[in-house]
Amino acid sequence: MRKTHYIPVTADVPGAASEGNCALIRRTIRTALAAEGMALPCEIDVLLTGDEGIHQINLDMRNVDRPTDVLSFPEFDLRPGELPTEEDADPGTGLIPLGDMVLSMERVAAQAKEYGHSKRRELAYLVTHSVLHLLGYDHLDEGAMKKQMREREEAIMALLGLER
């Protein structure tokens, strides 16, 4: 069995999968997984796209006719604090397939400008947000679940040295 996470990053827009972006994405995912106690080797597939690409995926997969910043497609129906086990690993790879994330690099740039911080921080924040979704966190309500997710996001961003 593998001892590390497998995090393929692909892009359908030029320049998005730069060495720096890929390194930050992988570091962020590994940090978020460790912070949530996910020590077993797993796989998360990442697609970097633009507004047009994420709009089409949002329409096709969620029937939502607009672009968004990040989409998360979890493999498991988890609750916060609940993790997959070794039995959930793919027998061929030994990896637990946590799911897929899609990021709009156009939204990364626009939101970084809107919120007054770096593209690097915005990219790491959206990756963290997506990992938490893959691990069962949600923010659809305006109450306790959203607060719990926001607290975990900020704690992970602090571990990355990218707090506000």
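Two residues are said to be in side-chain contact when any heavy atoms from C-beta on lie closer than 4.5 Å; H5 and I29 fail this criterion. Between F76 and D88, some side-chain heavy-atom pair lies under the 4.5 Å cut-off. Here the side chains of L162 and H117 are not in contact, with every heavy-atom distance at 4.5 Å or above. The closest side-chain heavy-atom distance from K119 to M105 is not below 4.5 Å.
Across all non-hydrogen atoms, the minimal contact from V108 to E122 is O-CG, 3.5 Å. Nearest approach of G99 to L134, heavy atoms of both residues: CA-CD2, 4.1 Å. Contact between L123 and L103 at its shortest, heavy atoms only, is CD1-CD1, 4.3 Å. The minimum heavy-atom distance linking I96 with P84 is given by the pair CG2-CB, 3.7 Å. Listed here is the closest heavy atom pair of L78 and L135: CB-O, 3.8 Å. The minimum heavy-atom distance between S104 and D51, with the atom names listed, is OG-OD1, 2.6 Å.
Atom CZ of R26 and atom CD1 of I7 lie 7.0 Å apart (nearest 0.5 Å). Taking CD1 of I44 as the start and CZ of R30 as the end, the distance is 10.0 Å to the nearest 0.5 Å. Atom CG of D45 is separated from atom CE of M101 by 9.5 Å, given to the nearest 0.5 angstrom. Distance check, rounded to the nearest 0.5 Å: NE2 of H133 to CG of L98 gives 14.5 Å. Taking CG of L83 as the reference point, atom CG of L40 lies at 8.0 Å (rounded to 0.5 Å). The CG atom of L132 sits 9.5 Å away from the CG atom of L33 when rounded to the nearest 0.5 Å.
By the neighbour-count criterion of 12 heavy atoms within 6.0 Å, atom CD of E52 is sparsely surrounded, having that number or fewer from other residues, nucleotides or ligands. Counting non-hydrogen atoms of other residues, nucleotides and ligands closer than 6.0 Å to CG of N63 gives a total of 12 or fewer. Within 6.0 Å of the CD atom in E114, the count of heavy atoms belonging to other residues, nucleotides or ligands exceeds 12.
Salt bridge status for K147 with E151: present, with a side-chain N to carboxylate O gap under 4.0 Å.
Between the side chain of R107 and the backbone N or O of T68 there is no donor-acceptor pair closer than 3.5 Å. The backbone N or O of A124 sits less than 3.5 Å from a side-chain atom of T128, completing a donor-acceptor pair. Put simply, the side chain of R121 never gets that close to the backbone of M157: no donor and acceptor are under 3.5 Å apart. Between the N21 side chain and the A16 main chain, a donor and an acceptor come within less than 3.5 Å of each other. Between the side chain of E43 and the backbone N or O of L95, no donor-acceptor pair lies under 3.5 Å.
Note on V46: it clusters hydrophobically with V127, by side-chain heavy-atom contacts below 4.5 Å among ILVMFWY residues. Taken together through direct or relayed side-chain contacts under 4.5 Å among Ile, Leu, Val, Met, Phe, Trp and Tyr, M61 and I54 form part of one hydrophobic cluster. When the side chains of ILVMFWY residues are joined at heavy-atom separations under 4.5 Å, either directly or via intervening members, L48 and I57 end up in two distinct hydrophobic clusters.
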**OP:** Show your working on side-chain hydrogen bond (donor to acceptor under 3.5 Å, both in side chains) between E87 and T85 and close with a plain yes or no.
**Re:** CA-CA 5 Å; E87 290 77 36; T85 65; 2.7 Å; yes
**OP:** May I have the step-by-step check of side chain to side chain contact (heavy atoms under 4.5 Å, CB included) for L71 and R62, ending in yes or no?
**Re:** CA-CA 10 Å; L71 292 170; R62 300 178 59 232; 3.6 Å; yes
Original post:
Are D65 and H55 close enough, and set up right, to give a side chain to side chain contact (heavy atoms under 4.5 Å, CB included), and what steps lead you there?
Top reply: CA-CA 7 Å; D65 192 10; H55 182 172; 2.6 Å; yes
Subject >> Test log, rule side chain to side chain contact (heavy atoms under 4.5 Å, CB included), inputs Q111 and E106 >> reply: CA-CA 9 Å; Q111 289 174 188; E106 285 179 74; over 6 Å; no
**OP:** Kindly determine whether V131 and I156 satisfy side chain to side chain contact (heavy atoms under 4.5 Å, CB included), including the steps that lead there.
**Re:** CA-CA 11 Å; V131 169; I156 293 164; over 6 Å; no
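Between the side chains of Y137 and E153, no donor-acceptor pair is found at a separation under 3.5 Å.
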